[in-house]
Amino acid sequence: MSKALKTGFPQTLLSWHRAHGRQGLPWQGVRDPYAVWVSEIMLQQTQVATILERYPRFMKRFPTVKKLAAAPLDDVLAEWAGLGYYSRARNLHACANQVMTDFAGKFPSDPILLEQLKGIGRSTAGAIAAFAFHERAPILDANVKRILARLFGIEGALQEKATDKQLWNIAQELLPKNPQDMPVYTQALMDFGATWCTSRKPACITGIERCPFEKQCQANLSDQVLQLPRKVVKAKSPEFDCDMLLLRHGDSVLLQKRPEKAIWGSLWSLPESAWRAKTTFSKPPISLPELLAQVLSEEKISTALKRISLDQGPQIKHIFTHRRLWIQVWNASIGQEIIFSSQNTRWVSLRQLGKYGLPQPIKLLLQGLSLVRGPD
DNA sequence: AATGCGGGGAA
DNA sequence: TTCCCAGCATT
């Protein structure tokens, strides 16, 4: 790497930030390690706009690492509901307890130690260390990968190990000399990637703004900006369908806790059948005992239940990053609460439903039925 | 090295 | 539709 670029890059970026950096985001200027950590986890693979309302709400609900650690996991998941990647919430809770027990309630400043904590990888460790402790530690999120791949004309695909290593090395080398610059520098990288060196409409292509690196940027010089960074094309996501049971008794609905290592892990949802690879054939009608036996793994279904009929409810199409799921909802109502022998089920009154972490499509479904309060 | 894990916004 | 996003953990 040329010495001019190595010293010039951080200074130019800092100047750029003074004139064009994003302002007014709720977590900007925050130096409390706990608050920094929450924001970094919340922003993983999640766009800023999604978090704007949720971050202050989370911080108000769990103002300190101590309170977060002491809270029931279900409360954390309920607060996280709708944000996706629920292992983040489980790890957040576990990490808070790690910090309490292993570090006396204080986040360590060393990125090597931070990376040992649940849910904190190298990039998040670098961000926390830089923002909260002025450590000269690099980050390598999607913004930085894109900026560096273009600036240095990195041709390898992002998924390749060698490319990753190469980018980390560059990110390390480009760090500003002065540790005091680390918070702003780190923020500047993210801002520049998010607003100017964007994936599809970078400033150098739109011509709306004049990129301060246009003379050094290898991708720009070779007219490859939109081709970098390279990615491996992913296969089309497979399609599935399943049945879900909306079983009501009075003002209660039957929920089922999902397994931890699965999609919507540890959230509460409606009892559901196994997912089937989607076919074009319509399914035959299903009886309540059959469905109960499937979704609850109940061996004995009482004769009273056998007289209950199922009403076909709505079909819901839900898109994940890697899957497409069609959900057939079946409505049923029973006269008395039944305690099922299968674990992980719970009757929840409508009034309490909002306190449960529900998958987004289920939350929307129940809201549509006026079972769950909307946002206050 | 490859895969699983959400949800929403943009084009 | 497809792509993208302040990634990490697991296998």
Side-chain angles (χ1 to χ4, degrees), chain A residues 22 25-28 30 36-55 77 80-92 94-95 114-131 138-147 156-165 167-168 171 183 186-195 197-202 206 226 229 231-239 258-267 269 317-325 357-364:
Chain A
R22 287 179 291 188
L25 301 180
W27 48 87
Q28 279 180 348
V30 167
V36 170
W37 167 63
V38 171
S39 74
E40 290 304 323
I41 301 298
M42 203 172 265
L43 284 159
Q44 285 172 1
Q45 294 292 288
T46 306
Q47 293 178 341
V48 165
T50 307
I51 305 306
L52 279 179
E53 305 296 327
R54 300 296 298 268
Y55 175 73
L77 285 163
W80 199 269
L83 292 177
Y85 286 142
Y86 298 98
S87 66
R88 291 186 296 172
R90 297 194 303 273
N91 285 332
L92 205 63
C95 180
L114 285 167
E115 201 177 340
Q116 309 299 318
L117 298 169
K118 294 277 188 188
I120 300 181
R122 186 173 174 186
S123 189
T124 300
I128 298 169
F131 284 130
I139 61 167
L140 191 60
D141 64 7
N143 288 313
V144 182
K145 286 176 181 176
R146 187 171 55 251
I147 294 167
L158 289 184
Q159 290 89 339
E160 292 167 17
K161 190 105 180 175
T163 308
D164 198 60
K165 186 176 180 182
L167 291 170
W168 272 113
T186 304
Q187 187 63 53
L189 275 175
M190 295 170 169
D191 288 356
F192 184 66
T195 60
C197 195
T198 64
S199 184
R200 302 199 204 192
K201 297 196 327 184
T206 63
L226 292 182
K231 292 155 191 142
V232 174
V233 179
K234 292 173 187 170
K236 188 182 175 186
S237 51
E239 303 180 343
R258 301 183 58 80
E260 181 179 329
K261 299 190 176 186
I263 204 153
W264 296 319
S266 301
L267 269 63
S269 185
K317 181 184 181 184
H318 189 71
I319 309 292
F320 300 101
T321 303
H322 302 297
R323 275 147 181 54
R324 295 154 198 266
L325 176 66
L358 304 172
Q360 193 68 354
I362 305 307
K363 184 178 176 180
L364 294 175

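Numbers restart at 1 for each chain; the letters A, B, ... are given by sequence-line order, proteins then strands.
For the pair A:R88 CZ and B:dG4 C1', the interatomic distance rounds to 14 Å; values are reported in whole Å. One can place CD1 of A:I362 at 14 Å from C1' of B:dG6, the figure rounded to the nearest angstrom. Going from atom CG of A:L77 over to atom P of B:dC5 covers 16 Å, rounded to whole Å. Summarising the geometry, the separation between CE on A:M42 and C1' on B:dG6 is reported as 14 Å, rounded to the nearest angstrom. Following rounding to the nearest Å, A:L325 (CG) and B:dG6 (P) show an atom-to-atom distance of 12 Å. Note: CD (A:Q45) to P (B:dC5) measures 15 Å, nearest angstrom. Taking atom NZ of A:K231 as the reference point, atom P of C:dC4 lies 4 Å away to the nearest angstrom. Regarding A:I120, its CD1 atom lies at a distance of 19 Å from the P atom of C:dA6, rounded to whole Å.
Contact between the side-chain N/O atoms of A:Q360 and the OP1/OP2 oxygens of B:dG8 is found at a separation under 4.0 Å. For the OP1/OP2 pair of B:dG7 and a distance below 4.0 Å, the side-chain nitrogens and oxygens of A:K363 include no atom meeting the criterion. The phosphate of C:dC8 (OP1 or OP2) has a side-chain N or O of A:T124 nearer than 4.0 angstrom. OP1 or OP2 of B:dG6 has not a single side-chain nitrogen or oxygen of A:W80 nearer than 4.0 Å. Regarding contacts with the backbone of B:dT3, every side-chain N or O of A:K234 stays at 4.0 angstrom or more from both OP1 and OP2. For C:dC5, the OP1/OP2 oxygens have no side-chain nitrogen or oxygen of A:Q47 closer than 4.0 Å. For the pair A:Y85 and B:dG4, the criterion of a side-chain N or O lying under 4.0 Å from OP1 or OP2 is not met. Contact between the side-chain N/O atoms of A:K201 and the OP1/OP2 oxygens of B:dA11 is found at a separation under 4.0 Å. Between A:R324 and C:dT2 there is a side-chain N or O to OP1 or OP2 distance below 4.0 Å.
Using a 4.5 Å cut-off on side-chain heavy atoms (C-beta onward), A:L83 and A:I51 make contact. Proximity of A:R88 to A:T46: side-chain heavy atoms (C-beta onward) are separated by under 4.5 Å at one or more points. Looking at A:W27 and A:L52, their side chains come closer than 4.5 Å, going by heavy atoms from C-beta outward. Side-chain contact between A:W37 and A:L117 is absent, with no heavy-atom pair separated by less than 4.5 Å.
Counting only heavy atoms from C-beta on, A:Y86 has its side chain closest to B:dG6 among B:dA10, C:dC5, B:dG6. Nearest to the side-chain atoms of A:Q187 among the listed nucleotides C:dA9, C:dT2, C:dA6 stands C:dA6. Picking from B:dG4, C:dA6, C:dG7 the nucleotide with the shortest atom distance to the side chain of A:R323 gives B:dG4. Residue A:A194 places its side chain closer to C:dA6 than to any other of B:dG6, C:dA6, C:dC4. Considering only side-chain atoms of A:L43, the nucleotide from C:dC8, B:dG6, C:dA6 that sits closest is C:dA6. In this structure, of B:dG7, B:dC5, C:dC5, it is C:dC5 that holds the atom nearest to the side chain of A:R146.
Contact annotation: side chain of A:T50 to base of B:dG8, donor-acceptor pair absent below 3.5 Å. Between the side chain of A:T46 and the base of B:dG7, no donor-acceptor pair of N or O atoms lies under 3.5 Å. You'll find a donor-acceptor pair under 3.5 Å spanning the side chain of A:R22 and the base of C:dA6, going by distance alone. Between the base of C:dC3 and the side chain of A:R200 there is a donor-acceptor pair shorter than 3.5 Å.
Of the two residues near DNA chain C, A:I319 and A:K118, the one whose nearest nucleotide lies more 5' is A:I319. Comparing A:A262 and A:Q159 by the nucleotide of DNA chain B whose heavy atom lies nearest to each, the residue mapping closer to the 5' end is A:Q159.
The residue A:G193 sits apart from the nucleic acid: no heavy atom pair falls under 4.0 Å. Base contact: A:L83 has a heavy atom under 4.0 Å from a base atom. Using a 4.0 Å heavy-atom cutoff across all strands shown, A:A142 reaches sugar-phosphate atoms only and no base atom. Among the protein residues, A:K261 comes within range of no part of the nucleic acid, since none of its heavy atoms lies under 4.0 Å from any strand. Residue A:W27 is classed as a base contact, given a heavy-atom separation below 4.0 Å to a base. When heavy atoms are screened at a 4.0 angstrom cut-off, A:S87 is found touching no nucleic acid atom at all. Backbone-only engagement by A:K317 is indicated by non-hydrogen atom pairs under 4.0 Å involving sugar-phosphate atoms exclusively.
With A:R90 contributing its side chain and A:G265 its backbone, the two residues share a donor-acceptor pair below 3.5 Å. Distance alone, capped at 3.5 Å, is enough to place a donor-acceptor pair between the A:D191 side chain and the A:R22 backbone. The main-chain N or O of A:G193 is found under 3.5 Å from a side-chain atom of A:R146 such that the two form a donor-acceptor pair.
Using atom P as the reference point in both C:dA6 and B:dA11, the two lie 15 Å apart (nearest Å). Separating the C1' atom of B:dG6 from that of C:dC5 is a span of 12 Å, rounded to the nearest Å.
Aromatic ring pairs are classed by plane angle as parallel below 30°, tilted from 30° to 60° and perpendicular above 60°; the pair A:W264 and A:H318 is tilted.
Here A:H322 does not lie in a stacked arrangement on the base of B:dT3, lacking the combination of planes under 30° and ring centres under 5.5 Å apart.
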